[in-house]
Amino acid sequence: MRPCCCSRILIHFGLIGALLSSAPMFAGEQDGRTLRVLCYNIHHGEGADGKVDLPRLAAVIKNARPDLVALQEVDYKTRRTHGVDQTAELARLTGLNGRFGRQIDFEGGQYGQAILSRFPMSEVRIHWLPGTPDRERRIAVEVEVQIDDHKLAFITTHLHHIHDTFREQQATKLNELFSRAEPPTLLAGDLNANPDSKSQAILEKQWQAATSNAPLLTFPAGEPTKQIDYILMRPAARFRVISTEVLDQPVASDHRPLLSVLEFVNR
């Protein structure tokens with residue numbers, strides 16, 4: 001027996017309802033899109049075993065199913081990593097879009113930071129940070145990401161590893177650069193500071209950390225004793241933290257990756 005016309009109409013509208021309920025939405029205060037954000041200092045691809053292994057790193061990234069990835073200590077065609085464009089190779093292996101930000105020239109190539117994204121993104125913008133570091137000048141690498149009909153600024157940075165004053169100056173500069181910026185902004189990186197440090201307190205005057213009060217230990221990778229990697233967001237009203245965790249990966253780099261699951265909300 002064939003279904004009646006009314007039954008066919010109900011089935012039709014039921015299918016439409018199911019499709020709409022599964023689509024990302026921004027229409028109301030309760031609507032948003034879930035974003036998986038990964039922060040990872042990859043130590044130019046060299047693991048705790050001394051091997052440069054990009055497929056291993058790519059597997060770690062891919063298994064985290066990220067939408068946005070901030071990478072620090074990335075090589076571009078240097079001798080020590082066999083002339084490989086690490087950003088392009090990691091993008092190829094993970095199926096994500098990639099952008100590299102040059103920090104210094106190094107061993108016949110360049111050294112810096114990179115961003116991977118599931119979404120379309122702009123070319124990078126490099127922001128130079130204060131200080132005269134012993135080894136390299138510090139930067140923040142920014143892209144604009146297009147998420148559905150909305151834009152998000154995504155930034156990776158790597159603050160000074162020894163000098164407290166430089167770190168504090170760099171945190172102050174990051175606030176100056178981005179605290180009044182539009183669109184909503186995520187900042188992820190190796191900030192080389194404990195949660196109770198002065199530089200972290202400076203940043204958290206303007207940014208909300210996507211971590212709990214208890215430190216999430218990220219370094220050294222083998223047996224982590226401190227948190228120096230962070231994911232920060234502003235304005236806080238545009239994001240809701242669903243979860244943040246350190247991934248159990250002790251070998252692929254000298255840091256463990258930090259993963260936050262956020263809801264990006266339109267208000």
Side-chain angles (χ1 to χ4, degrees), residues 24 33-47 52-78 81 84-103 109-127 139-148 150-158 178 183-191 210 218 221 229-233 239 243-247 249 251-262 264:
R33 175 191 271 278
T34 299
L35 295 177
R36 298 176 65 85
V37 182
L38 189 70
C39 179
Y40 202 5
N41 182 324
I42 65 168
H43 193 229
H44 61 269
E46 182 181 326
V52 174
D53 191 338
L54 291 186
R56 176 172 60 187
L57 271 170
V60 174
I61 295 168
K62 195 169 183 178
N63 288 341
R65 298 180 290 110
D67 298 299
L68 297 167
V69 186
L71 301 175
Q72 301 84 48
E73 297 194 19
V74 182
D75 276 9
Y76 173 82
K77 298 185 177 181
T78 67
T81 49
V84 174
D85 179 344
Q86 293 191 328
T87 304
E89 183 64 4
L90 288 171
R92 183 186 71 82
L93 291 169
T94 59
L96 300 172
N97 302 306
R99 296 283 186 274
F100 173 76
R102 173 197 169 277
Q103 192 166 338
Q110 298 173 358
Y111 167 87
Q113 301 175 52
I115 289 172
L116 304 177
S117 171
R118 191 175 305 282
F119 306 105
M121 59 178 164
S122 68
E123 295 301 316
V124 300
R125 182 179 181 188
I126 305 295
H127 302 273
I139 61 173
V141 180
E142 178 189 10
V143 297
E144 188 172 81
V145 181
Q146 185 72 39
I147 303 175
D148 301 325
H150 295 260
K151 291 182 179 179
L152 173 73
F154 188 57
I155 301 146
T156 175
T157 195
H158 186 188
F178 302 113
T185 305
L186 292 173
L187 170 66
D190 176 358
L191 304 185
T218 59
D229 302 277
Y230 298 85
I231 296 169
L232 306 173
M233 51 198 175
F239 301 94
S243 65
T244 301
E245 63 178 317
V246 178
L247 302 185
Q249 176 44 255
V251 179
S253 174
D254 62 344
H255 288 238
R256 293 196 180 195
L258 181 68
L259 175 68
S260 285
V261 181
L262 309 174
F264 176 36

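Being a predicted model, the structure only gives us computed values, none of them experimental. When reading the values below, keep in mind they use all heavy atoms of this one structure, side chains included, and skip hydrogens, waters and symmetry mates.
Judged as a salt bridge (charged side-chain N to carboxylate O under 4.0 Å, His left out), and not counting sequence neighbours, Glu245 has no contacts. Residues forming a side-chain contact (heavy atoms from CB on, under 4.5 Å) with Ser243 (at least two apart in sequence, or on another chain): Val261. For the salt bridge (charged side-chain N to carboxylate O under 4.0 Å, His left out) test, no residue two or more places apart in sequence or in another chain qualifies with Lys77. Taking the salt bridge (charged side-chain N to carboxylate O under 4.0 Å, His left out) definition, one finds that Glu46 meets it with nothing, sequence neighbours left out.
At least one donor-acceptor pair closer than 3.5 Å links the side chain of Ser122 to the backbone N or O of Glu144. Checking side-chain atoms of Ser117 against main-chain N and O of Phe119 turns up a donor-acceptor pair under 3.5 Å. At distances below 3.5 Å, at least one donor-acceptor pair connects side-chain atoms of Arg256 with backbone N or O atoms of Ala221.
Rounding to the nearest 0.5 angstrom, the gap separating the CD1 atom in Ile139 from the CZ atom in Arg102 is 8.5 Å.
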Item to complete: Go through Val74 and Ile42 one step at a time and tell me if the side-chain contact (heavy atoms from CB on, under 4.5 Å) criterion holds.
Response: CA-CA 7 Å; Val74 182; Ile42 65 168; 3.9 Å; yes
Discussion item. Let's go through Leu258 and Val37 carefully: what are the C-alpha distance in whole Å and the side-chain angles of both, what is the deciding distance for side-chain contact (heavy atoms from CB on, under 4.5 Å) to 0.1 Å, and is it a yes or a no?
Written reply: CA-CA 8 Å; Leu258 181 68; Val37 182; over 6 Å; no
Worksheet entry | Audit row: Leu152, Thr185, side-chain contact (heavy atoms from CB on, under 4.5 Å) steps and yes/no | CA-CA 6 Å; Leu152 173 73; Thr185 305; 5.8 Å; no
Worksheet entry | Verdict with supporting geometry, Tyr40 and Ser253, side-chain contact (heavy atoms from CB on, under 4.5 Å) | CA-CA 9 Å; Tyr40 202 5; Ser253 174; 3.9 Å; yes
Atom pairs and distances, side-chain donor-acceptor, residues 58-72, under 3.5 Å, sequence neighbours left out:
| unit_1 | atom_1 | unit_2 | atom_2 | d |
| --- | --- | --- | --- | --- |
| Asn63 | ND2 | Ala59 | O | 3.1 |
| Asp67 | OD1 | Arg118 | NE | 3.2 |
| Asp67 | OD2 | Arg36 | N | 2.8 |
| Gln72 | OE1 | Asn41 | N | 3.3 |
| Gln72 | NE2 | Ala70 | O | 3.4 |
| Gln72 | NE2 | Thr156 | OG1 | 3.0 |

Could you list the donor-acceptor pairs under 3.5 angstrom formed between side-chain atoms of residues 84-91 and any protein atom two or more places apart in sequence or on another chain?
| unit_1 | atom_1 | unit_2 | atom_2 | d |
| --- | --- | --- | --- | --- |
| Asp85 | OD1 | Thr87 | N | 3.3 |
| Asp85 | OD1 | Ala88 | N | 3.1 |
| Gln86 | OE1 | Asp75 | N | 2.9 |
| Gln86 | NE2 | His44 | O | 3.0 |
| Glu89 | OE1 | Arg92 | NE | 3.2 |
| Glu89 | OE2 | Arg92 | NH2 | 2.7 |

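Taking the centre of each ring, Tyr111 and Tyr76 stay at or above the 6.0 Å mark.
Looking at Asn97 and Ile115, their side chains never come closer than 4.5 Å, going by heavy atoms from C-beta outward.
Relative ring orientation between His127 and Phe178 is described as perpendicular, the plane-to-plane angle rising above 60° on a 0-90° scale split at 30° and 60°.
Here the rule is side chain to side chain contact (heavy atoms under 4.5 Å, CB included) with Asp190, and of Asp229, Thr157, Thr218 only Asp229 fits it.
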